[in-house]
Asker: 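Mind looking over this structure? Questions follow.
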There are 2 protein chains.
Amino acid sequence: MKPETITEAIKVACSSCNLRELCMPIGFNPDDMQRLDAVVATRRRIKQGDHLFSNGDSFTSLFAIRTGFFKTCVSSADGREQVTGFQMAGEIIGLDGIVSDYHSCNAVALEDAEVCVMPFANVEDLSREFPQLQRHVHKIMSREIVRENSVMMLLGNMRAEERLAAFLLNLVQRLHARGFSQSELTLRMSREEIGSYLGMKLETVSRAFSKFSDEGIIEVKQRYVRIIEPDALKKIFNPQTCA
Amino acid sequence: MKPETITEAIKVACSSCNLRELCMPIGFNPDDMQRLDAVVATRRRIKQGDHLFSNGDSFTSLFAIRTGFFKTCVSSADGREQVTGFQMAGEIIGLDGIVSDYHSCNAVALEDAEVCVMPFANVEDLSREFPQLQRHVHKIMSREIVRENSVMMLLGNMRAEERLAAFLLNLVQRLHARGFSQSELTLRMSREEIGSYLGMKLETVSRAFSKFSDEGIIEVKQRYVRIIEPDALKKIFNPQTCA
DNA sequence: ACAACCTTTTGATTTGCATCAAAGATTTTT
DNA sequence: AAAAATCTTTGATGCAAATCAAAAGGTTGT
């Protein structure tokens, strides 16, 4: 492949993924845009199952997912694992590393992936010059805090089926925002990983899938899921507003 | 009280609380320090039980707690409440509001409190001038993300007694960092609020307290708690490393 | 000082999910 | 293409925590 072709491919991808919001906040002139490109130092490919970073690794960069799908997880000292999130194209991972200069979680590719490596020093330098970039970095971190707040609500207050309904609705909504179907998805993670994220065992996840399927709310075939009755899912997740 | 006295009190408080890390990152010259004081616009007193901000309020400022104790919590549409954190002097609340310009949680004073109001526009403006302040703001947000990761581990993987042990150890450690006792504390929150934070019912919290007390690990008298055997608590929280 | 209210503790019972177990389904390896 | 490994489903059983209930302890208001 010619270098020109690669560059072209990059431009197309950046302008069509959420990453654009980080790399090129709206309202920049071409000169600024060119300088903002400097935030991305390199690309990195990660094979399915490989770690992008691990607990204890020193922190230098944030990563913007170009393609692929990741999970982040933390481990307790006695080996229990908690999946803290699933990330897809356009999302940023590595924010956990800023506070102590080393990562406190693992980021594992659930399928072959490519990320843009953004050395955090670059991000900070450019943030001081471009208030829009600065604001954007702050929003990304705040968004993650708010997301985790709602996961705490799930884990602390919701029952198994409510958790799975919320999970499916969230996943399909994010996929839809990326141009995929509102009703169909292929799960990139196992029942066990879903369970770890939602604080339940893989058998319970499987049973909840089967229950939804029996009720005609979804169609499940292994990792393929089709949402037949989105309103029923919303009602399970939140009995009040959809009653 | 004379104005001079107030100013003096402020200086003393700022240099002795964690807030200093935000207002005056280490290594600044006196001129810079003076400009950094501009980040704090005003003070605000909040009475016990009052809201510092509520879900839906428009976001303009971060708040640094000078004195007092807060809880933050989110509510589901059908009224279930999840406490997402307890905050004490020197800690920053309001980060949830950055992403969408309005708050997505409630901050409630658990005792009479005073906060420094830091208009976020000021924070961002000064961050662009002072890389140390910029770095500090990033670290504060990252720290919150990492904290929430570990709460997810608690909620997803730990049993009731492990959660309460972790909670007590975390509380006493933060109090100790503020000059309080390593072994004694007075809880500012009810059993119900502890339970909401830890994903369990108030009766379960009470039973776990009683169990620890029966085992001689702690002494409990209502909201007074004395930690008699910190190592036993650590062992409950994490069976492996302290075995 | 008393009444009203709220919080905490403790006991009895229920239940949702975990655990244990085993059989299919799917993917990977050889 | 068979064999091995992994993932998923489903059933039977057990248990930790929720729920229901009531009393005791503490706080607030008049």
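Every chain is numbered from 1, with letters handed out A, B, ... down the list of sequences. These numbers come from the heavy atoms of this one structure, side chains and all, not from hydrogens, waters or symmetry mates.
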Asker: Does F209(B) form a side-chain contact (heavy atoms from CB on, under 4.5 Å) with L187(B)? I'd like the steps, not just the answer.
Answerer: CA-CA 12 Å; F209(B) 268 121; L187(B) 299 170; 3.8 Å; yes
Asker: Tell me which residues in residues 211-227 of chain B lie within less than 4.0 Å of DNA chain D, going by non-hydrogen atoms.
Answerer: K221(B), Q222(B)
Asker: Closest approach of L171(B) and M88(B), non-hydrogen atoms and distance?
Answerer: CD2-CE, 3.8 Å
Asker: Tell me whether N106(A) contacts the main-chain N or O of N55(A) through its side chain, where contact means a donor paired with an acceptor under 3.5 Å.
Answerer: yes
Asker: Scan for side-chain hydrogen bond (donor to acceptor under 3.5 Å, both in side chains) pairs involving residues 198-209 of chain B, sequence neighbours excluded, and state none if there are none.
Answerer: none
Asker: Any side-chain heavy atom of V108(A) within less than 4.5 Å of one from L52(A)?
Answerer: no
Asker: What is the 5' to 3' range of DNA chain D, first to last nucleotide, that sits under 4.0 Å from any heavy atom of chain B?
Answerer: dA16(D) to dG26(D)
Asker: Please confirm whether the backbone N or O of E81(A) pairs with a side-chain atom of N157(B), one donor and one acceptor, at under 3.5 Å?
Answerer: yes
Asker: Using atom names, set out every protein N or O paired with an N or O of nucleotides 16-23 of chain C below 3.5 Å, distance rounded to 0.1 Å.
Answerer:
residue	atom	partner	partner atom	Å
dC17(C)	OP1	A160(A)	N	2.8
dA18(C)	OP1	K201(A)	N	3.2
dA18(C)	OP2	K201(A)	N	3.3
dA18(C)	OP2	T204(A)	OG1	2.2
dT19(C)	O4	R207(A)	NH2	3.0
dC20(C)	N4	E203(A)	OE2	3.3

Asker: Is any side-chain heavy atom of V115(B) closer than 4.5 Å to a side-chain heavy atom of R66(B)?
Answerer: no
Asker: How would you list, by chain and number, every residue that makes a ring-ring contact (aromatic ring centres under 6.0 Å, His included) with F53(B), sequence neighbours excluded?
Answerer: F63(B), H103(B)
Asker: Could you give me the stems involving DNA chain D, meaning stretches of three or more consecutive Watson-Crick or G-U wobble pairs whose two defining distances are both below 3.5 Å?
Answerer: C:1-30 with D:1-30
Asker: Could you give the distance from OG1 (T67(B)) to CD (E111(B)), rounded to the nearest 0.5 Å?
Answerer: 7.5 Å
Asker: Does R223(A), at its CZ atom, have more than 12 non-hydrogen atoms belonging to other residues, nucleotides or ligands within less than 6.0 Å?
Answerer: yes
Asker: Should Y197(A) and M152(B) be marked as a side-chain contact (heavy atoms from CB on, under 4.5 Å) after you check the CA-CA gap, both sets of side-chain angles, and the distance that decides it?
Answerer: CA-CA 9 Å; Y197(A) 183 59; M152(B) 286 174 69; 4.1 Å; yes
Asker: With a 4.0 Å cutoff (strictly under), does any side-chain N or O of S206(B) reach OP1 or OP2 of dT10(C)?
Answerer: no
Asker: Any salt bridge between R178(B) and E91(B), counting N to O under 4.0 Å?
Answerer: yes
